[in-house]
There are 2 protein chains.
Amino acid sequence: MDGRIVELKTKLEIYRAMAGPGANLADCPIRDVICNISGKWNSLLLAALAEKPYRFGELRRLVPDISQRMLTQTLRDLQRDGYVHRDVFPTKPPSVEYSLTDLGRSMFEALRHLMQWAERNHAAVRDARTRFDAAAF
Amino acid sequence: MDGRIVELKTKLEIYRAMAGPGANLADCPIRDVICNISGKWNSLLLAALAEKPYRFGELRRLVPDISQRMLTQTLRDLQRDGYVHRDVFPTKPPSVEYSLTDLGRSMFEALRHLMQWAERNHAAVRDARTRFDAAAF
DNA sequence: CAGCATCCCTCCGGATACTG
DNA sequence: CAGTATCCGGAGGGATGCTG
């Protein structure tokens with residue numbers, strides 16, 4: 001299946017206007033990047049770590065209703081993409097500190113715009129939603 | 001300060017405020033908004049419609065490997081949140097045109113920062129990813 | 001042309017229990 | 001303290017067929 005090639009081509013066409021003519025996309029970056037920061041807890045943890053480094057247990061207390069499984073998994077995903085650095089101190093008992101990398105800080109700077117917009121326009125979105133649902137009947 | 005710290009605290013405070021008993025995290029504005037633009041096809045369709053209005057079939061040809069089901073559903077979701085306007089022309093056969101609303105354009109302006117970042121730093125993210133996977137074994 | 005309906009399957013994410 | 005391991009329900013999303 002040549003879906004990837006086709007998709008790549010459409011991506012190029014679609015983003016030509018905003019990316020400029022020199023845009024040489026090696027892959028489909030938007031989905032690839034956005035999918036990994038749009039999880040249920042990702043933006044929240046990124047916001048926390050952008051404030052200051054935190055240890056595992058601190059994050060757990062800071063976000064009480066995240067399951068331990070999802071906290072581990074989300075942190076690993078963020079680390080895998082290079083946004084988060086993981087420091088292990090072989091003390092007894094061991095402690096692990098998480099912090100944003102330069103790449104993470106750079107990315108969060110872009111994400112901030114969207115978070116800011118979301119906070120300011122949340123009411124408008126919710127209004128549109130209820131209006132749409134009402135019109136459905 | 002530069003407003004950045006304030007912004008981050010705001011987000012954490014929003015979370016803390018509703019982290020009480022019986023709190024529904026679906027009310028978190030950031031997640032509530034971001035979740036609905038972070039689907040598999042959402043950013044792609046938004047980018048397309050930000051270019052110019054399109055009809056249903058045009059979008060289908062523009063993004064060949066989206067299933068018809070997902071195209072319909074994604075457009076409805078975007079319309080529900082007030083980002084997309086749906087114009088029906090009762091011609092024969094009927095035609096439907098989709099376009100961005102003012103709210104949609106406003107939101108896409110914020111989203112663009114993230115998309116641009118993704119395009120520019122996609123290689124760095126992929127490098128980090130392969131490095132992480134290699135270190136695992 | 002622009003959808004809706006149906007089947008089906010993957011995988012996200014919560015709950016719970018165990019370990020170095 | 002900072003994780004792994006396992007089970008499982010439900011939402012997300014693809015393929016196909018039918019309609020006004």
Side-chain angles (χ1 to χ4, degrees), chain A residues 1-4 6-7 28 31 34-45 48-49 53-80 84-99 132 136-137, chain B residues 19 22-26 28 31-32 34-45 48-49 53-81 84-99 132 136-137:
Chain A
M1 173 148 81
D2 293 335
R4 256 170 301 182
V6 176
E7 176 187 349
C28 166
R31 186 189 305 164
I34 290 188
C35 276
N36 283 332
I37 61 179
S38 66
K40 187 169 180 180
W41 305 102
N42 302 45
S43 68
L44 188 58
L45 291 179
L49 292 176
Y54 279 108
R55 290 178 48 194
F56 188 86
E58 290 176 326
L59 287 172
R60 210 171 163 178
R61 283 186 294 277
L62 197 63
V63 189
D65 42 351
I66 189 176
S67 69
Q68 178 277 331
R69 182 201 199 286
M70 279 300 110
L71 180 53
T72 302
Q73 188 174 298
T74 305
L75 285 172
R76 267 176 53 94
D77 289 346
L78 293 176
Q79 185 196 357
R80 192 173 107 98
V84 162
H85 181 67
R86 183 174 181 268
D87 255 330
V88 181
F89 301 102
T91 57
K92 219 178 174 180
S95 77
V96 180
E97 188 177 88
Y98 294 90
S99 55
F132 181 88
F137 288 93
Chain B
N24 188 2
L25 283 181
C28 173
R31 187 189 306 162
D32 195 25
I34 290 187
C35 275
N36 282 333
I37 60 179
S38 63
K40 186 168 180 180
W41 305 103
N42 301 46
S43 67
L44 186 58
L45 291 179
L49 292 177
Y54 280 107
R55 291 177 46 194
F56 189 87
E58 292 176 324
L59 287 173
R60 212 170 162 180
R61 284 186 292 277
L62 198 62
V63 190
D65 40 351
I66 190 176
S67 68
Q68 178 276 329
R69 182 202 200 291
M70 280 298 108
L71 180 54
T72 302
Q73 187 172 300
T74 305
L75 285 172
R76 269 176 52 92
D77 289 346
L78 293 176
Q79 185 196 357
R80 191 173 108 97
D81 280 16
V84 162
H85 181 67
R86 182 172 181 269
D87 255 330
V88 181
F89 301 101
T91 57
K92 219 174 172 181
S95 76
V96 180
E97 188 177 270
Y98 294 91
S99 56
F132 182 88
F137 279 94

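Sequence lines set the chain letters: A, B, ... in the order given, protein chains first and strands last, and positions in each chain run from 1. Values reported hereafter were calculated over all heavy atoms of this structure, with side chains retained and with hydrogens, waters and symmetry mates removed. Model, not experiment: these values are computed from the prediction.
A 4.5 Å side-chain heavy-atom check between A/L75 and A/L49 finds at least one atom pair inside the cut-off.
Between the C1' atom of D/dG3 and the CD1 atom of A/I66 lies a distance of 14 Å, rounded to the nearest Å. B/Q73 has its CD atom 8 Å from the P atom of D/dG12, to the nearest Å. Distance B/W41 CH2 to D/dG12 C1': 13 Å, rounded to the nearest Å. Distance, B/N42 CG to D/dG12 C1': 12 Å, rounded to whole Å. Separating the CG atom of B/L71 from the P atom of D/dG13 is a distance of 13 Å, rounded to the nearest angstrom. In this structure, NZ of B/K40 is placed 15 Å from C1' of D/dA11, rounded to the nearest angstrom. The nearest whole Å value for the distance from the CG atom in B/L75 to the C1' atom in D/dG13 is 15 Å.
Between B/I66 atom CD1 and B/Q73 atom CD the span is 9.5 Å, to the nearest 0.5 Å. To the nearest 0.5 Å, the span separating CZ on B/F56 from OG1 on B/T72 amounts to 3.5 Å. To the nearest 0.5 Å, atom CZ of residue A/R60 and atom CG of residue A/D65 are 12.5 Å apart. Taking CG of A/D77 as the reference point, atom CD1 of A/I37 lies at 12.5 Å (rounded to 0.5 Å). Put simply, CD on A/Q79 and OG on A/S99 are 10.0 Å apart, with the number rounded to the nearest 0.5 Å.
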Sort me out a list of protein N/O and nucleotides 4-7 of chain D N/O pairs below 3.5 Å, or just none if empty.
from  : atom 1 : to    : atom 2 : distance (Å)
D/dT4 : O4     : A/Q68 : OE1    : 2.8
D/dT6 : O4     : A/R69 : NE     : 3.4

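Taking a pair as Watson-Crick or G-U wobble with both distances under 3.5 Å, DNA chain C forms stems of 3 or more consecutive pairs at C:1-20 with D:1-20.
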Take B/R76 and A/F132 through the side-chain contact (heavy atoms from CB on, under 4.5 Å) test and state the conclusion after the steps. CA-CA 10 Å; B/R76 269 176 52 92; A/F132 181 88; 4.1 Å; yes
Start with the C-alpha distance between A/L45 and A/Y54, add both sets of side-chain angles, then the distance that settles side-chain contact (heavy atoms from CB on, under 4.5 Å), and finish with yes or no. CA-CA 10 Å; A/L45 291 179; A/Y54 279 108; over 6 Å; no
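Across every non-hydrogen atom of A/L62 and A/P64, the tightest pair is O-CD, 3.4 Å. Between A/E58 and A/P53, the closest heavy-atom pair is OE1-O, 4.5 Å.
A 4.0 Å heavy-atom criterion places the boundary nucleotides of DNA chain C facing chain B at C/dC1 to C/dT6, written 5' to 3'.
Judged by closest nucleotide on DNA chain D, A/R61 is the one of B/S67 and A/R61 placed further toward the 5' end. With the nearest nucleotide of DNA chain C identified for both A/G39 and B/V96, B/V96 has the one nearer the 5' end.
If you check every strand for non-hydrogen atoms under 4.0 Å, A/K92 touches nothing. Nucleic acid contact class of B/Y98 (heavy atoms, under 4.0 Å, all strands): sugar-phosphate only.
The backbone N or O of A/N36 sits less than 3.5 Å from a side-chain atom of A/N42, completing a donor-acceptor pair.
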